[in-house]
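Okay, so here's the structure we're looking at.
Remember, it's 1-based here, ligands and their atoms both numbered in the order they're listed. Just the heavy atoms: all of them, side chains too, but no hydrogens, waters or symmetry mates, feed the values below.
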Amino acid sequence: MNSPVSRREFVALGAGVVAGAAMTRATSDHDTPTHPIRHFEVPLPIPRVLEPIRTDATTDYYEIVQREERVEILPGRHTVIWGYNGTFPGPTIKARRGRTVSIRHVNRLGTPTVVHLHGGVTPPESDGFPMDHVMPGEAREYVYPNAQRAATLWYHDHAMDHTGRNIYMGLAGLYLLEDDEERSLGLPEGPYDVPLLIQDRLFASDGSFHHKTVNHLGAKSGTMLVNGAPWPRLDVSTRACRFRIVNGCNATPLRLALSSGDPLIQIATDGGLLPVPVVCRQIPLAMAERVEIVIDFSRHSLGTNIVLQNLNTRGATGPISNEIMQFHVGRVEHDSRTMPTHLAEGQPVDRSAAIRTRQFVFSVRPSFGPRPGPSWRINGRRFDPETPIASPGYGDVEIWRFINKRFLGVLGIVHPVHVHLVTFKVLERNGRPPLAHETGWKDTVALDRDEEVSVIAKFEGYRGRYLLHCHNLEHEDHSMMARFDVV
Ligand code: C2O
Ligand code: CU
Ligand code: CU
């Protein structure tokens with residue numbers, strides 16, 4: 001499936017013509033030729049790790065100010081962003097299992113905001129229910145107990161009806177939860193443990209973000225940004241590196257592959273380490289899904305360029321770039337450590353422990369009126385913050401079946417289904433076992449057109465009000481969301 005594109009690019013890379021072959025214009029929606037961006041020229045930035053303002057025996061305390069800032073994303077242009085501490089992406093929070101993180105968010109923006117820790121087992125009052133707005137000028141404390149496995153999480157806005165816009169404007173950052181078990185494995189660490197937060201953006205000709213939702217189908221794709229930089233380049237050395245990859249796009253499902261044909265050695269899913277590494281040729285990564293991979297650059301000679309590709313070049317709203325970033329093998333370095341073959345305890349699922357099965361149909365209806373367009377639904381309903389769609393008992397194990405139902409043969413597009421509070425295991429995808437990359441703990445699962453996916457989860461951690469929704473943010477904001485309560 002990947003051969004036509006990757007072979008051509010592989011040849012091009014071998015011949016040393018990289019930059020010239022890959023130039024894309026950062027266009028506005030009107031196709032005004034604006035600012036051609038050379039791919040792989042900007043170095044990959046690594047978001048700064050935030051320092052706590054105070055710590056005590058149990059807790060690290062942080063403060064984040066949400067504010068507007070003018071930053072340079074496209075060389076020579078200015079973009080106004082809404083950022084956590086005025087940065088895009090926001091600062092990285094490093095948390096340790098068993099130590100509480102408390103973050104006081106101050107809203108200095110002109111719009112109400114909500115913060116959600118995606119993947120967090122979080123008490124309901126800190127989970128970021130869309131109506132729990134922090135109004136401009138106000139502040140709120142969010143508390144994360146971190147009594148959960150090490151994993152790559154991310155935090156982002158979750159404001160009612162405006163999550164898509166708020167995240168597009170910059171309100172997202174990484175939250176890396178570590179534990180001793182993971183530490184002891186000897187995986188690549190420090191500068192060899194690299195987060196890659198992928199977010200695509202369309203730019204208007206004045207450099208501003210252009211959040212074009214195409215009637216709530218999904219934000220239109222454009223320039224690929226990794227950690228806030230367009231089609232960046234990372235200089236690596238001849239050794240193994242760990243990458244924590246987050247699809248932070250509003251509406252762009254990706255399919256990752258390497259132009260060198262190297263396999264992707266997957267070590268973790270949304271919910272942390274897999275029992276053993278899984279070798280994948282390609283990894284589909286829908287919005288909000290995370291995957292951690294190890295790439296061993298020791299097989300390559302100095303000067304080699306390897307492109308992290310996106311093989312999924314079409315979305316709901318038009319073409320998507322087939323390139324994400326480049327690794328340039330620029331240094332010789334030896335690493336005597338070998339990749340662990342065992343990563344974590346096995347995580348068998350006992351299907352028979354499930355005491356009930358629920359079904360959730362993700363569908364669309366045309367809506368008429370002044371601005372006709374699709375209206376996204378779960379079980380035929382629009383988001384109702386007052387009424388839970390399901391109320392599992394605390395400690396219950398349930399099977400949830402997600403079904404993607406298209407309307408009259410149209411609009412069959414991917415819905416990444418996300419459940420707050422719990423991590424689940426995929427039991428079945430279209431009656432078959434889960435795909436190779438989704439065998440671990442997950443909190444988000446892609447539901448492509450006409451697909452049916454069953455997952456199993458134990459509803460524990462906290463009682464209270466949580467959410468189930470599509471992580472295409474334009475669908476989420478246009479009603480493809482439901483409340484569930486753990487009772
Ligand atoms: Cu990443 Cu409810 O969200
Ligand atoms: Cu979430
Ligand atoms: Cu959707």
**Item:** His158 N/O/S atom closer than 2.8 Å to the Cu ion (ligand 2)
**Value:** no
**Prompt:** Do any of the N/O/S atoms of His116, backbone or side chain, fall under 2.8 Å from the Cu ion (ligand 2)?
**Reply:** yes
**Message:** Rounding to 10°, state the angle centred on atom 1 (Cu) of ligand 1 that links NE2 in His471 with NE2 in His156.
**Reply:** 110°
**Message:** Is the distance from the ring center of Tyr462 to that of Tyr394 below 6.0 Å?
**Reply:** no
**Prompt:** Which of these, His469, His471, His158, sits in a ring-ring contact (aromatic ring centres under 6.0 Å, His included) with His116?
**Reply:** His158
**Complete:** min-distance N/O/S atom, His415 vs the Cu ion (ligand 3), resolves to ND1
**Asked** In His475, the N, O or S atom nearest to the Cu ion (ligand 3) is which?
**Response** ND1
**Request:** Measure from atom 1 (Cu) of ligand 1 to each N, O or S atom of His118 and report whether any distance is below 2.8 Å.
**Result:** yes
**Item:** Member of Thr213, Asp477, Thr111 meeting the side chain to side chain donor-acceptor pair (under 3.5 Å) criterion with Arg165
**Value:** Thr111
**Request:** Evaluate the ring pair (Phe, Tyr, Trp, His ring centres under 6.0 Å) criterion for residues Phe129 and Tyr466: first the C-alpha distance (whole Å), next the side-chain angles of each, then the deciding distance (0.1 Å), finally the verdict.
**Result:** CA-CA 7 Å; Phe129 201 75; Tyr466 292 95; 9.0 Å; no
**Message:** Exactly one of Cys249, Pro230, Ser321 should register a side chain to side chain contact (heavy atoms under 4.5 Å, CB included) with Asp200. Which one does?
**Reply:** Cys249
